[in-house]
Amino acid sequence: MQTIHVGLIGLGTVGTGVVQILQQQADLIAGRLGARLVLKRVATRHPERARAVQLPAAQLTGDAMEVLQDPEIAIVVELIGGYEPARTYLLTALQQGKHVVTANKALLARHGRELFQTATALRRDIGFEASVGGGIPIIRTIKEGFVANQFLSISCIINGTTNYILSKMSDQGQDFQDVLREAQALGYAEADPSFDVDGIDAAQKIALLASLAFGSWVPSEAIYTEGITGVSQLDIAYARELGYRVKLLAMAKMAGSHLDVRVHPALVAADSWLANINGVYNAISLRGDKVGRNMLIGRGAGALPTGSAVVGDVVDVARNILHDSSGRVPPQAYQDHSLQDVPLQDMDEVVCKYYLRFQVADQPRVLAAIAGILGEHAISLESVLQKGREHVPGAPVSVVMMTHEARERSIRKALLAIATLPTILGKTMRLRVEETEEE
Ligand code: HSE
């Protein structure tokens with residue numbers, strides 16, 4: 001049986017999972033592939049460190065160049081994360097005639113175009129299934145499974161940390177900071193959680209998915225991104241009363257000649273598919289013009305789920321090597337000449353329903369003043385919710401208004417005007433309501 005040599009750079013959580021899978025599933029994979037995958041060299045910063053996997057000392061090196069320049073290695077797996085030296089390693093591997101596999105969404109979001117163009121020019125494969133949604137095969141689904149479709153929309157819960165926090169806040173009534181501390185203790189949230197809770201991780205992931213689905217490069221920094229730090233227990237409780245759950249959504253869809261791509265917390269109907277994805281699970285809901293609505297659900301992180309996606313890519317690349325068909329599926333799943341530059345939609349143009357929570361003085365004519373300003377901006381109200389007077393005298397009370405569909409620009413201007421009212425005693429909370437279930 002033929003042998004295909006693999007090199008690995010990075011032996012952290014995911015790298016360890018990849019080694020375990022390659023070791024434990026060696027026979028299963030050989031039976032499916034028709035060749036043996038042999039992990040020849042593993043580069044890690046601390047080759048001497050004890051690990052959860054057994055590797056012969058001779059296989060380990062502290063020098064990534066020993067992987068990149070090994071003529072026998074056909075596939076290089078990069079799992080070190082970050083921008084540099086990961087970018088240089090991948091470009092070097094491609095230039096050395098190797099195929100590459102990476103889980104590095106941050107790198108792809110920033111330098112994906114360069115890496116994809118280099119791989120295409122050199123007719124080498126670049127696998128990146130593990131960069132979005134951990135073990136969920138979303139990249140392959142968009143690139144291959146749904147290749148016969150125009151994508152109508154992608155709506156996802158694509159960050160496990162924030163989904164865990166929001167689920168706990170909803171189901172156990174805990175506050176953001178308490179759940180965050182708990183998530184950190186359990187290893188679900190990073191010591192510096194800002195990348196996740198500020199929505200940056202989700203923006204990088206939806207940038208990649210949108211780039212594949214719509215054949216246009218979407219820069220993640222240009223995406224409107226709002227995290228979950230402003231979502232309070234109060235908002236979650238009001239949302240529940242109104243029949244919604246609060247989720248951090250990452251979304252992409254065509255809006256006329258523009259691409260509407262955004263990440264922000266949103267109210268989703270409590271009986272919708274996405275509302276019921278809880279804990280660290282990720283879900284990607286896709287609508288194709290022929291296939292209709294689909295949803296993929298699974299573990300978005302972790303050594304073995306993410307390792308499973310990495311090894312899936314390695315097998316895919318190996319199949320192409322065996323059949324001399326490398327580059328069979330272009331990195332973005334579009335031929336170069338049909339890639340476009342579709343501009344992103346200005347956030348001010350977005351139209352949706354809004355949840356507005358005002359903190360007001362409990363006195364006559366407050367509601368009329370707010371409703372008057374909303375009316376002046378052509379914003380029509382669907383419902384108003386105010387709790388009974390159980391508050392401390394003089395302290396602000398919350399008033400929640402649900403609007404009919406309105407344009408973001410109008411909401412923004414109306415809220416600026418409302419903020420100048422003397423009866424407004426705190427920052428107004430504005431959450432968008434997303435109807436994710438339309439056919
Ligand atoms: N930090 C990510 C999450 C997992 O919380 O979903 C890796 O992409």
Side-chain angles (χ1 to χ4, degrees), residues 10 12-18 77-83 86 101-110 112 127-140 142 154-170 176 179-212 220 223 225-229 231 246-251 263-265 274 277-285 295-313:
T13 305
V14 179
T16 304
V18 167
V77 179
E78 177 276 309
L79 296 174
I80 55 173
Y83 301 114
V101 172
T102 178
N104 194 333
K105 74 201 149 221
L107 177 66
L108 289 172
R110 185 174 292 177
F128 52 97
E129 183 63 74
S131 61
V132 180
I136 303 173
I138 184 57
I139 304 289
R140 196 161 288 118
I142 293 179
I154 307 175
S155 302
C156 20
I157 294 172
I158 212 160
N159 180 270
T161 304
T162 46
N163 202 40
Y164 177 84
I165 294 173
L166 290 174
S167 302
K168 280 266 178 176
M169 287 174 75
S170 298
F176 175 81
V179 190
L180 175 60
R181 267 192 296 276
E182 188 185 306
Q184 284 170 322
L186 288 167
Y188 294 153
E190 304 283 341
D192 174 6
S194 53
F195 198 67
D196 292 308
V197 298
D198 292 341
I200 302 161
D201 175 80
Q204 291 178 339
K205 290 169 176 168
I206 193 70
L208 265 173
L209 297 187
S211 299
L212 304 180
S220 65
I223 295 175
T225 305
E226 198 180 296
I228 63 163
T229 51
V231 178
V246 180
K247 293 288 180 188
L248 181 70
L249 293 188
M251 291 162 286
V263 173
H264 54 71
L274 283 173
I277 305 303
N278 292 312
V280 291
Y281 275 86
N282 282 193
I284 299 125
S285 170
M295 187 153 83
L296 283 80
I297 307 169
R299 292 180 193 279
L304 293 177
T306 312
S308 154
V310 170
V311 176
D313 272 349

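Atoms within each ligand, like the ligands themselves, are counted from 1 in listed order. For the single chain, residues carry numbers from 1 onward in sequence order. Only heavy atoms go into these numbers, but all of them, side chains included; no hydrogens, no water, no symmetry mates.
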Of L208, L209, I284, the one forming a side-chain contact (heavy atoms from CB on, under 4.5 Å) with I142 is L209
Number the atoms of ligand 1 from 1 as they appear, then name those within less than 4.0 Å of a heavy atom of D201, with their elements. 2 (C), 8 (O)
Donor-acceptor contact present, side-chain E129 to main-chain I138, <3.5 Å: yes
Numbered atoms of ligand 1 (with element) below 4.0 Å of K205, judged on heavy atoms: 2 (C), 4 (C), 6 (O), 7 (C), 8 (O)
Looking at N104 and G82, would you say the former's side chain and the latter's main chain have a donor-acceptor pair under 3.5 Å? yes
Main-chain N/O of D192 paired to S194 side chain as donor or acceptor, under 3.5 Å: no
Which value, rounded to the nearest 0.5 Å, describes the distance between Q204 atom CD and L107 atom CG? 10.0 Å
Is the side chain of D198 donor-acceptor paired with the backbone N or O of G227 at a distance under 3.5 Å, no angle test? no
Record the part of V280 in heavy-atom contact with ligand 1 below 4.0 Å; permitted values are side chain, backbone, both and neither. neither
Relative to the heavy atoms of A301, which atoms of ligand 1 are at a distance of less than 4.0 Å? 4 (C)
With nothing but distance in play, are any N or O atoms of K105 less than 3.5 Å from an N or O of ligand 1? yes
Which atoms of ligand 1 have any heavy atom of N159 under 4.0 Å away? 2 (C), 3 (C), 5 (O), 6 (O)
Any N/O pair G300/ligand 1 closer than 3.5 Å: no
Among all protein heavy atoms in this structure, tell me which lies nearest to atom 6 (O) of ligand 1, with the distance rounded to 0.1 Å. G160 N, 2.6 Å
List the closest protein heavy-atom neighbour of atom 5 (O) of ligand 1: residue, atom name, distance to the nearest 0.1 Å. T161 OG1, 2.5 Å
Using a 6.0 Å cut-off, check whether atom CZ of R299 has over 12 heavy atoms from anything other than its own residue. no
Identify, for atom 1 (N) of ligand 1, the protein heavy atom at the shortest distance, and state residue, atom and that distance. D196 OD1, 2.9 Å
